[in-house]
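Data block below; observations after.
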Amino acid sequence: MQIKSFAEYEETYRFSVEWPEKFWAGIAEEFLWRKKWDKVLSWNFSEPNIKWFEGAKLNITENCLDRHLAKNGDKPAIIWESNDPDKSSITLTYKVLHEQVCRFANVLKKNGVVKGDRICIYMPMVPELAVAVLACARIGAVHSVIFGGFSAKSIADRINDSACKLVITADGSFRGNKQIQLKEVIDDALIGCPTVEKVIVLTHTRTPVSMLKGRDLWFEDEIKQVDTDCPAEEMDAEDMLFILYTSGSTGKPKGVVHTVGGYMVYAGYTFTNAFNYQPDEVFFCTADIGWITGHSYIVYGPLSQGATTLMFEGVPTHPTPSRLWEIIEKHKVNILYTAPTAIRSLMSYGTDPLKGKDLSTLRVLGSVGEPINEEAWHWFDEEVGHKNCPIVDTWWQTETGGLMISPIAFVTPLKPACATLPLPGIQPILVDEQGNEIEGNGVNGNLCIKFPWPGMLRTTYGDHERCKQTYFSTYPDLYFTGDGCMRDEDGYYKITGRVDDVINVSGHRIGTAEVENAINMHAGVVESAVVGYPHEIKGQGIFAFIIYPKLHNESDLTKKDILQTVTRVIGAIAKPDKIVFVSGLPKTRSGKIMRRILRKIAEGETTNLGDTSTLLDPAVVEEIIVAAKQL
Ligand code: WT7
């Protein structure tokens, strides 16, 4: 199923649009099914109701593990690299990974987990995290992985939203020179989570933890009490595989739901094609499994294809800015998939950290998470790829399950900092504000997708109406991505960034409303408005305008207090980079905050603020400009 030439891509693409069901059935044939589908696709975008491979039976872990055992049992499935460069790496062959997954799946069963139960996973980037994820899938439990940087409150909200029965965590995690006491955070979260019956705790950092009688169990004790025989649960293609919470422009994060069959086919197909993965290569995705990139391109995509996936616990610049290059040299990495923010951060150290590092094994480079700027693209191309490695700038989302608009390595002619063309099966369209299709090339619009693909979200957990409202109602019969996009003269797509109130900080998606709600929880705050602004390393930074009437020369301390509040409510990833205290916010007569003006001010613009005639009180703008300048 690997596309070899641009002509073949064009032909495949045409076929996939004309005969989508035949196309996807052909791809699905290459996976292991206990029973094939009765119907490839039924759909409408109005409810929405999307079903792929209806009637088919399978288990994704048989595709990720069992089916590789006969031929590739001794091949490395996961290579793990510790945060600490002096600690030895760990290799799990397919055989060993299969054993560990089966064993841990039996632990889950022993603790009462059955098909359909939701399991929260809050763990460091260690092999046991991948094991836990796959063990859930083995027995048909639905995993909800939460990134290790979220606060107790965020975790509690997510656990309660999907009524998780069990939590898998660890004593703590290492990331660079930071340690997070994961178990402590879970203990705080669980005060408000009545549905959780058991907590399984992995020993990792060896920090003291409190173990609650009857609820908390040690991972190490549990696995001793079960064997490694665990037949995979037979799943319907449309059974739920996982929930992953993501931020939007309004309200609390929503649980994006992916189902077994379509997600598997899509993650596997896109992995093999876009990255041109070859047998025996080492694939290194630097994301965390707490995000969709880790789900699809550390775990399910690579393992479904029998690949070797490298999992790194730490951060690229710790303990030195050479760390990432050392890992590539040490494990002879062939494909490196990372984010623009990481590239820019590495770039800021110059080329010294690269000197003497053997990167000659690298064959393909990938970028994801945010628009990549040309400077970073060229640096990646020249200094890392030595102009020998295609860069695949992959545009996609938590909701899409896998890559959507992306070059296919060695196939698609590249353009710097451009996601290029849709993958086979993906039908993007650009629309104007009214939802009219913008045809032709050399145009800009809002990016929508007009036909289903197997990896797309099916619903938002517990609230189907919200799924409909968020993605399928802005423009009737279209999936709206929330992104702006240009289609250039050659028909290439270049993503320009979010057009809604979502900001992208270091490739992490953060809703401005969420940050505002968190800030507003601080006792002295009357109101706040949050916007994104260009940030050299993070892509976007968070700029908060806050009304805080009783500020008495203590503004630095108050700022720190507010950062604390945000850290408590959401997590450190949502902390504003800049805060200004103001006496009012620019509002229309109907009381709507004019974010457009705040965005301009946050960008440093002081004169061209656009139309301000609808403002209730134009004077407030002057005050804000002055306050912002003083930062
Ligand atoms: C948003 C999705 C799925 C990848 C990890 C982020 C932005 C993602 C690109 C890219 C420009 C990109 C979009 C998208 N984005 N990749 N290659 N070029 N923008 O997943 O948290 O669901 O965020 O990230 O704005 O909507 P996510």
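What you see below is based on every heavy atom in this structure, not just the backbone, and it leaves out hydrogens, waters and symmetry mates. All ligand and atom numbering here is 1-based and tracks the order in the structure.
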N or O pair under 3.5 Å between [X] and ligand 1:
{"X": "S367", "result": "no"}
{"X": "R509", "result": "yes"}
{"X": "T398", "result": "yes"}

Which residue supplies the protein heavy atom nearest to [atom], what is that atom called, and how far is it?
{"atom": "atom 25 (O) of ligand 1", "result": "D483 OD1, 2.6 Å"}
{"atom": "atom 4 (C) of ligand 1", "result": "V368 CG2, 3.3 Å"}
{"atom": "atom 16 (N) of ligand 1", "result": "G369 N, 3.1 Å"}
{"atom": "atom 2 (C) of ligand 1", "result": "W396 O, 3.6 Å"}
{"atom": "atom 11 (C) of ligand 1", "result": "P371 N, 3.1 Å"}
{"atom": "atom 18 (N) of ligand 1", "result": "E370 O, 3.3 Å"}

Taking the side chain from T270 and the backbone from A267, do they hold a donor-acceptor pair closer than 3.5 Å? yes
Would you confirm whether the ring centroid of [Y] sits within less than 6.0 angstrom of the ring centroid of [X]?
{"X": "F275", "Y": "F283", "result": "yes"}
{"X": "F45", "Y": "W43", "result": "yes"}
{"X": "F543", "Y": "F545", "result": "yes"}
{"X": "H295", "Y": "F242", "result": "yes"}
{"X": "Y245", "Y": "F150", "result": "no"}
{"X": "W395", "Y": "Y493", "result": "no"}

Interfacing atoms of ligand 1 (cut-off 4.0 Å, heavy-atom, [X]):
{"X": "D393", "value": "10 (C), 17 (N), 18 (N)"}
{"X": "I292", "value": "3 (C)"}
{"X": "T293", "value": "4 (C), 5 (C)"}
{"X": "I495", "value": "11 (C), 19 (N)"}
{"X": "N504", "value": "7 (C), 24 (O)"}
{"X": "T394", "value": "9 (C), 10 (C), 16 (N), 17 (N)"}

Between R458 and E238, does any NZ, NE, NH1 or NH2 come within less than 4.0 Å of an OD or OE carboxylate oxygen? yes
Output yes when K538 and D577 qualify as a salt bridge under the 4.0 Å nitrogen-oxygen rule, no when they do not. yes
So which bit of Q397 gets within less than 4.0 Å of ligand 1, heavy atoms only: side chain, backbone, both or neither? both
Suppose we screen for side-chain hydrogen bond (donor to acceptor under 3.5 Å, both in side chains). Which residues come up paired with Y266, at least two apart in sequence or across chains? none
